[in-house]
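Because only heavy atoms are used, hydrogens play no part in the values below, and waters and symmetry mates are left out as well, while side chains stay in.
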Amino acid sequence: MIKIDRIDREQALRYMAYREGVISPAAEELLDECEKRLLEVIKPKFVYRIFEITSSYPLMIGNVLLPGNDIADHLKGCDRAAMLTVTVGAEADKLIRAMQIEDMAKAVMTDAFASTAAEQCADMAEKAIADETGANLTWRFSPGYGDLPLSMQKVFLEFTDARRRIGVSCLDSDLLAPVKSVTAVVGISDDPIERKRQGCLSCALEQTCMLRKRGSHCGYK
Amino acid sequence: MDINKLFNENEFVLLDGGMGTMLQRYGIKTGEIPELLNITSPETIEKIHTQYLDAGSLIVYTNTFGANRYKLSDSGYTVDDIVGAGVDIALKACKDRGYVALDIGPLGKLMEPTGDLSFEEAYDVFKEIVLAGRDADLIVIETMTDLYELRAALLAAKENSDKPVFCTMSFEENHRTFTGCSCSAMALTLTALGADAVGVNCSLGPAELLPMVEEISHWTHLPLIAKANAGLPDPMTNEYNVDAVEFAETAARFADMGVKILGGCCGSDPEYIRELKKQLDGRRFIPRKEETDGGKDIPTAVCSYADTVVIDRPRIIGERINPTGKKRFKEALKNNDINYILGQALEQANAGADILDVNVGLPDIDERAMMVRTIKALQGVVDLPLQIDSTIPGVLEAALRIYNGKPIVNSVNGEEKSLTTILPIVKKYGACVIGLTLDENGIPKTADERFAIAERIMHRAEQIGIPRKDVFIDCLTLTASAEQAGVMETVKALHRVKTELGLRTVLGVSNISFGLPNRELVNSNFLQMCLTNGLDLPIINPNVASMTGAVRAYKLLTNIDTDAKEFIAAYNSASAPAPAPKSQELNVSPEGLMYAVQSGLKQEGAQITEKLLETTDAMTIIDEILIPSLDKTGADFEKGTIFLPQLILSAGVAQAAFEVIKSKMPSDSGKVSKGKVVLATVKGDIHDIGKNIVRVLLENYGFEVIDLGRDVEYEAVVEAATPDDVKLVGLSALMTTTLGSMEETIKLLRAKRPDIKVVVGGAVLTPEYAEKIGADFYAKDAKATVDAARKVYGS
């Protein structure tokens, strides 16, 4: 079982649209409380599966077609790819629901901490893939980025057997449930890879991102 | 062959091993639907069944694990086709040497509120499978991780078939399923609801599952099932790491534990079953004590899916979810304000309640619909077991259907009509029940007469199969001011019920002091008297410290709370922090209140407001202090010098100040409302945290919000927006896929109320798109919605 002991405060604050200025002692206290309560309930888990890349354009990994040019560009030069699904579990959703009743300020904080925890969990999955393969990895690329449709969520869940192994499923609207879950693909190569991080320009939310509107970013600028 | 015979014989029952594992060997690929093989390659499936029967399986599972209408939607086949064929193949393979179990797995969609599948829809989907598989000898519901989904399946099976039903869930190393269901809650709930055998399958190997089966065995008298994986999958190769011999040796330890029904799951094949049979050959199954005595020594307990509360000591039932005598609560019920009710639940949970009573009865509302809605919402946020409180059998039944655990029904009484209508419902859904000691002649005066009614209720319950231990008796509290002589009769009756009948006792305590001064003193003394005389379940207001404290102190003094652990945990930390010295800035002045708002200090803000009201006019406080303070924090937020949680905190202080003002001027409280705003997350969209933030901010700015919730029908929005005094509707959508719903909603609104203003927001919206679909305002964040509301209402 994997464990998250601390949540990246800086990243979580970015998700709360924090830019600058003094955080009041009252807010600071709540931040600590929310982080603590969230850490008590999350159950971070990940699954991944490594495939050979069988075609570059269009991109096929194993016998799965990943449509769009962006993902194909992203995995250029790789001979394998790993599909991964991670989650911090259903209890986080429940805590966020309860917080919305108890105190909306805490709900916003907990929601951001939980998103951050899911990203940390994805980092751990990436590390496990790197350790297993001893190879170089590209950045994570998820359904909904660039021209890889969000409707691919289902395929990611199926090929990582995520429903059965870590309890992640997908709604009719293609959002993941539990909410604080992530699916992604990373390219694998024995040769050095130029780590092109997913930036705002190739993000599906480029036009509408709340963080960008506030002049902030999610960390992958 | 008669399947029921299996249960009576002192033999082990061998199930089959993995189906998926075998299908992979026959070349099926990820992404293909394995159940289609029932049509395209029935001989393959039959071959697999035959191999298991040859190896020693007595029951084989049909190849129908995922044969539900969702998974088959694009396959060109119906559930009837696939399930019918699956059962036929297994029947053909079994002939006279085995039994066919209709295999039902999870639907692949998550249940509400985490997912979007409703209980009612899940029931329908399972019903379809059960009917399609009617020729099987029994039904197995397996690999479930959500008790709620399993309950829907079990109800569908019991109500549409008379075959035995086996239920198994998949637990993780922490002894819980992915959704947080515990072993004890699973066993208690399924036993109560009428499963025929319960246990575990999949997720882990036999060694890892042993402790979980052990735990389950303490909570049920039903035969146990263990169908473990062949160990754990290797992350690299996906191969399972326990071979057939080791698997059988470990699995045999289930038999030592009293497990009757054994098999294998993922990674196991006929070889595993053969080895398992070898291990068990010559051994006789010895039923557990719980199985032979009907589980009479299993502790009395109630549970949600996550929390089990054993009634082996006084447990507090919170009474606050009840409109009787509460104006604010009645208002919430009339306005469908579920959040208020949830707030009451969380407050009681934090204060120390163990169980929550839920009563939403009001003459002019649809109590049944409200009860279902409330229970569904409650189990989405609190883990405490619930007590369903209504006088109407239809309301009780509707609530019991969807309750995800083993609840208490409040109540039945000694009247014939009550006994004949309520007890069968309690039995069917397997709840505990409170028996009130009154009958056609009212509440008897003496303890002896009440005792007699209690005894009668107990016998009647036992007659229809409700275990004695699930009957709790309420000897009824009369008010001391009106019937002083009756107080001790209640206490005496309670004592007799507890000691002579051995039943658990329950009592609503607060009534005792009605009409007296210093009610709290009377209540807590009466509570202590009753506890000493054997009260198990006091129904009280847990938010009153002296009441909860009386229960805690009783448990400490009677050595129930050993080493005073619970007591110290409750009071040690609470007394520690001395109140922080008040900052200079927090004096009673307009500046002090402004400082409190900007610093997010709710309590202080409320206190200063209360003091200020003595010298300052309410509207002056609102218009000259609160609104300008909010404007300042709003501007700081725009500039980015404070962030969203701080804005919400400040708004929360203003809200607390508004509440104080409202409570001080009840007669003209209407003045405080700045106008009505209807809010909804549009049809198809179920993510509503953004909309909820907007609601809180609007309320804090003094607007009255009619919150329709999420996934709201177009017509419901139009209906809510029909009254003339609603001038603004706010719509939220998170997904590109639901923007269409937003547009439709606006179209319908315009047709009915051309003059109404619409503000839209949500992650995927842009100002351009908002204009295109006919919205009046685009809100880039919650604050912008408040700005729109202020523009519309000119404040």
Side-chain angles (χ1 to χ4, degrees), chain A residues 1 13 16-27 30-31 43 48-49 62-64 89-91 93-94 96-98 100-109 111 128 132 150 155 158-159 161 163-164 166-167 169-175 177-179 205 207-210 213-215, chain B residues 29-31 106 108-110 113-116 143 145 170 172-174 177-180 202-203 235-236 238 339 342-343 345-346 380-382 598-601 636 639-646 648-649 652 684-687 689 692-693 696-697 734-738 763-766 780-781:
Chain A
M1 256 203 283
L13 283 172
M16 292 173 222
Y18 174 77
R19 271 193 292 170
E20 55 181 359
V22 183
I23 297 176
S24 69
L30 287 188
L31 284 169
K43 311 251 170 0
Y48 62 83
R49 206 169 137 194
N63 60 352
V64 195
E91 293 290 305
D93 287 9
K94 186 173 184 176
I96 294 166
R97 278 196 298 274
Q100 288 182 61
I101 305 297
E102 214 176 289
D103 184 336
M104 191 53 75
K106 287 202 242 175
V108 170
M109 291 175 177
D111 189 75
E132 180 188 325
L150 198 61
V155 177
E158 188 167 347
F159 279 81
D161 199 9
R163 176 73 173 85
R164 194 175 68 86
I166 58 170
S169 163
C170 179
L171 308 183
D172 290 343
S173 52
D174 291 326
L175 281 197
V179 175
L205 292 179
Q207 294 301 317
T208 57
C209 175
M210 300 300 286
K213 285 177 199 167
R214 302 219 144 277
Chain B
K29 294 209 170 58
T30 312
K109 296 173 73 144
L110 288 192
T114 296
D116 53 4
T143 326
T145 54
S170 299
E172 301 302 300
E173 277 134 331
N174 64 358
T177 67
F178 292 138
T179 61
C202 209
S203 70
M236 295 239 221
N238 237 352
N339 287 326
L342 296 183
L346 288 169
V381 297
V382 284
Q598 278 155 27
S599 313
L601 301 167
D636 287 348
K639 277 186 287 181
T641 52
I642 66 166
F643 67 139
L644 182 60
Q646 275 173 304
I648 299 171
L649 278 176
D685 217 320
I686 69 155
H687 290 85
I689 187 167
N692 292 341
I693 294 169
V696 167
L697 271 193
L734 191 70
M735 314 286 305
T736 14
T737 42
T738 52
V764 291
L765 277 162
T766 59
K780 67 177 164 57
D781 54 33

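Only the side chain of Asp93(A) comes within less than 4.5 Å of a heavy atom in chain B; its backbone stays farther off. Looking at Lys43(A), only its side chain comes within 4.5 Å of chain B, counting heavy atoms on both sides. Residue Thr145(B) touches chain A through its side chain alone, counting heavy-atom pairs closer than 4.5 Å. For a residue to count as touching a neighbouring chain, one of its non-hydrogen atoms must lie under 4.5 Å from one of that chain's; by this rule Glu172(B) touches chain A with the side chain only. Heavy-atom distances place the side chain of Arg49(A), and not its backbone, under 4.5 Å from chain B. Of the atoms belonging to Asp161(A), not a single heavy atom falls under 4.5 Å from chain B. For Leu346(B), the part sitting under 4.5 Å from any heavy atom of chain A is the side chain, from C-beta outward, and nothing else. Looking at Glu91(A), the atoms closer than 4.5 Å to chain B (heavy atoms on both sides) all sit in the side chain, from C-beta outward. In this structure, the portion of Leu30(A) lying under 4.5 Å from any heavy atom of chain B is its side chain and not its backbone. Neither the backbone nor the side chain of Val155(A) has a heavy atom closer than 4.5 Å to any heavy atom of chain B. Within the 4.5 angstrom heavy-atom criterion, only backbone atoms of Lys639(B) (N, CA, C, O) approach chain A.
At least one side-chain heavy atom of Lys109(B) sits less than 4.5 Å from a side-chain heavy atom of Asp172(A). Ile23(A) places a side-chain heavy atom less than 4.5 Å from the side chain of Leu13(A). Contact of the Leu342(B) side chain with the Val382(B) side chain is not registered, since no non-hydrogen atoms from C-beta on lie closer than 4.5 Å. Under the 4.5 Å side-chain criterion, counting only non-hydrogen atoms from C-beta, Ile96(A) is in contact with Gln100(A). With a 4.5 Å cut-off on side-chain heavy atoms, Asn63(A) and Phe159(A) count as touching. In this structure, the side chains of Asp116(B) and Leu110(B) stay at 4.5 Å or more apart for every pair of heavy atoms.
In terms of non-hydrogen atom pairs under 4.5 Å with chain B, the most contact-rich of Pro178(A), Ala26(A), Ala177(A), Gly21(A) is Ala177(A). Note on Asn339(B), Ile642(B), Asn692(B): by heavy-atom pairs under 4.5 Å with chain A, the leading option is Asn692(B). Annotation: maximal heavy-atom pairing with chain A below 4.5 Å, among Gly684(B), Gly380(B), Ser599(B), occurs at Gly380(B). Ranked by heavy-atom pairs under 4.5 Å with chain B, the first of Arg164(A), Lys106(A), Glu102(A), Glu158(A) is Arg164(A). Of the listed residues Ala90(A), Cys170(A), Ala98(A), the one with more heavy-atom pairs under 4.5 angstrom with chain B than any other is Ala98(A). Contact count versus chain A (heavy atoms, under 4.5 Å) is highest, among Gly115(B), Gly108(B), Ala345(B), Pro106(B), for Gly108(B).
The OG1 atom of Thr766(B) sits 14.5 Å away from atom NZ of Lys780(B), with the distance rounded to the nearest 0.5 Å.
Residues Ala27(A) and Met109(A) approach most closely at O-CE, 3.6 Å, considering heavy atoms. Residues Met16(A) and Val108(A) come closest through the heavy atom pair CG-O, 4.3 Å. Of all the heavy atoms in Ile689(B) and Ala107(A), the pair that sits closest is CD1-O, 4.1 Å.
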Chi angles and distances behind the side-chain contact (heavy atoms from CB on, under 4.5 Å) call for Leu644(B), Ile693(B): CA-CA 10 Å; Leu644(B) 182 60; Ile693(B) 294 169; 4.3 Å; yes

